Amino acid sequence: MISVIMGLQFGDEGKGKITDFISKNYDNVVRFNGGSNAGHTVVINGNKFKFHLIPSGAMQSNTVILGNGMVIDPEELISEIKLLKESNKKIIIKISTGAHIVTKMHKFLDKKEESIRSKLNIGTTSQGIGPTYEDKYARTGIRMMDLSNKSILKNKIETIYNMKMELLKDSLYNNENERNRMIDELYSFGQEILKYMDYTEITINNDYNNGKNILFEGAQGGMLDIDFGIYPFVTSSNTISGALSTGSGFSYRKVDKVIGVFKAYTSKVGAGPFPSEIINDNTLRDLGSEYGTTTGRPRRVGWLDLPLLKYTIMINDVDSLAITKVDILGKLNKIKIVTKYMLNGEEIIYFPKRLEEFDKLELEYKEFEGWGSIENNEDIINKGYSALPEKMKRYIEFIEDETHKNIDIISLGEDRKMTITKQIFN
Ligand code: GDP
Ligand code: IMO
Ligand code: MG
């Protein structure tokens, strides 16, 4: 079985939890995009694990793979590997020689570019993601394989510096000694990581040919996709299912199932349009502890948005849905879902692209009643779907009817065990 897990909103949908939950059925789990802008949380019997670079399947699968489409901060990677090995000694880690390297200079550039954007500030995670992808596409980027060659490192760092001198002029990196220090540090990181480097596209394809089950774990969400998200308030990579091919070297044609993960409501960190946002009421944010895994920033929260969800389901070609945080949403007395986007009194059937259109959108809602608290109610989990509160089932089935997709995984708590599946995952 070859599957891919994708986020269908603005990130933080609970991809980590769902990846961990189903990863026991897979030999390999592969990340193919993004870097440590991602923060994926997994909770197992009350123990919390946060993954930024390593795939969240690392607690249950045999092998985790970091594909060429990723941008990797080697220092962060080393500390994540150390932590992971404390809880899972047997895990095999493979890192693509072609993945791009995030340096401290890229992190400086990320902040500098944000300051220049001024009003069009994206609210990035400051993890150097944008500048590293800029260098990748400018063909000046540093790749994993370069970490073992000081003269290549020197050449590339100097090229990047020369191209971005104006932006770097009030940074440490304006000083050649500092750049040399960075090169030495990168080289020493490389020595630690060398043993994990691999031609991962070959490994993944060989494993497929040998009948292994492979799970691809997307980072971010459809609305942060560089092409299909709400540009420019997006990340610098493709975050849709098709990106797994370019980000890992494995053909999209061999994927059996695309699993789309969405929160029972919507959340977003960073700036930009958020049509269903709840303004001036922090109840849902507080109930859901909506603070960023990577940055700790308060997340903006809003109602579930069906036009948005239907759009990302289409772009990702989703087969099966997973809903998370249903336990949190049910605590509200009244719940709303956005059913339609209206512009000048008429329903629009496309997803808006122009920022001006978002200002003029009028939304139509459908109201539901809350289903109360089911906190840590393992009894419900053991009994399965039929034991769920009727009001919750009404909410879930309305979404299924509207999207024409089955919700096969229902997450009712942060812990791995607080999860219900319908038969196809059993
Ligand atoms: P990801 O980036 O998509 O992996 O999501 P994050 O891990 O950044 O954010 C999701 C947060 O919600 C994490 O703190 C999870 O532990 C938590 N979470 C996931 N599913 C559920 C759920 O069903 N209920 C509750 N209460 N928390 C959940
Ligand atoms: P996971 O994988 C939520 C957002 C940032 C910002 C925009 C660009 O945990 O779902 P970047 O640092 O990528 O240049 O920031 O994208 N963003 C995320 N928001 N979850 C994420 O990842 C995100 N990765 C990036 O907040 O608005
Ligand atoms: Mg996250």
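Indexing begins at 1, ligand by ligand and atom by atom, following the structure's order. On a predicted model such as this, the values are computed, not experimentally measured, just so you know. Just so you know, residue 1 is the first one in the sequence shown, and it goes up from there.
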> Counting only nitrogen or oxygen atoms and a 3.5 angstrom limit, does Gly39 reach ligand 1?
yes
> Atom 11 (C) of ligand 1: which of Lys17, Glu414, Lys325 has the nearest heavy atom?
Lys325
> Counting both backbone and side chain atoms, is some N or O of Lys15 under 3.5 Å from an N or O of ligand 2?
yes
> Below a 4.0 angstrom heavy-atom separation, can you tell me which part of Thr125, side chain or backbone, both or neither, approaches ligand 2?
both
> Please state whether Arg299 comes within less than 4.0 angstrom of ligand 2, counting heavy atoms only.
no
> Would you call Lys422-Glu400 a salt bridge at under 4.0 Å N-O?
yes
> Please compare Val269, Asn33, Thr235, Val234 and report which has the shortest non-hydrogen distance to atom 19 (N) of ligand 2.
Val269
> Should the ring pair Phe274 and Phe10 be called parallel, tilted or perpendicular, given that the plane angle runs from 0 to 90° and is split at 30 and 60?
tilted
> Less than 6.0 Å separating the ring centroids of Tyr350 and Tyr311?
no
> Does Gly7 come within less than 4.0 angstrom of ligand 2, counting non-hydrogen atoms of the residue?
no
> Are any of the N/O atoms on Gly11, whether in the backbone or the side chain, positioned under 3.5 angstrom from an N/O atom of ligand 1?
no
> Could you say whether the N/O atoms of Ala38 and ligand 2 ever approach to under 3.5 Å?
no
> Please determine whether a side-chain nitrogen of the Lys or Arg among Glu367 and Lys336 lies less than 4.0 Å from a carboxylate oxygen of the Asp or Glu.
no
> For Gly16, is at least one N or O under 3.5 Å away from an N or O on ligand 1?
yes
> Have a look at Asp12 and say which of its N, O or S atoms is nearest the Mg ion (ligand 3).
OD1
> Should Glu290 and Lys325 count as an ion pair when the cut-off is N to O under 4.0 Å?
yes
> Is the distance from the ring center of Tyr173 to that of Tyr161 below 6.0 Å?
no
> For Val326 and ligand 1, does the shortest N/O to N/O distance drop below 3.5 Å?
no
> Got an N/O contact under 3.5 Å between Lys15 and ligand 1?
yes
> Which one holds for Gln127 and ligand 2: side chain close, backbone close, both close, or neither close, with close meaning a heavy atom under 4.0 Å?
neither
> Where does Glu217 meet ligand 2, judged by heavy-atom distances below 4.0 Å: at the side chain, the backbone, both, or neither?
neither
> Judged by atom type as modelled, is there a donor-acceptor pair below 3.5 Å linking the side chain of Lys331 to the main-chain atoms of Leu287?
no
> At a non-hydrogen distance cut-off of under 4.0 Å, which region of Phe10 contacts ligand 2 (side chain, backbone, both, or neither)?
backbone
> Between Glu134 and Lys164, is there a salt bridge with N-O shorter than 4.0 Å?
yes
> Taking N, O or S atoms only and a limit of 2.8 Å, check whether Gly39 reaches the Mg ion (ligand 3).
yes
> May I ask you to check if ligand 1 and Ser411 share an N or O to N or O distance below 3.5 Å?
yes
> May I ask whether Ser236 places a heavy atom under 4.0 Å from ligand 2?
no
> Mark the output for Arg297 as yes if a heavy-atom distance to ligand 2 is under 4.0 Å, and as no if none is.
yes
> For the ring pair Phe32 and Phe250, is the centre-to-centre distance below 6.0 Å?
no
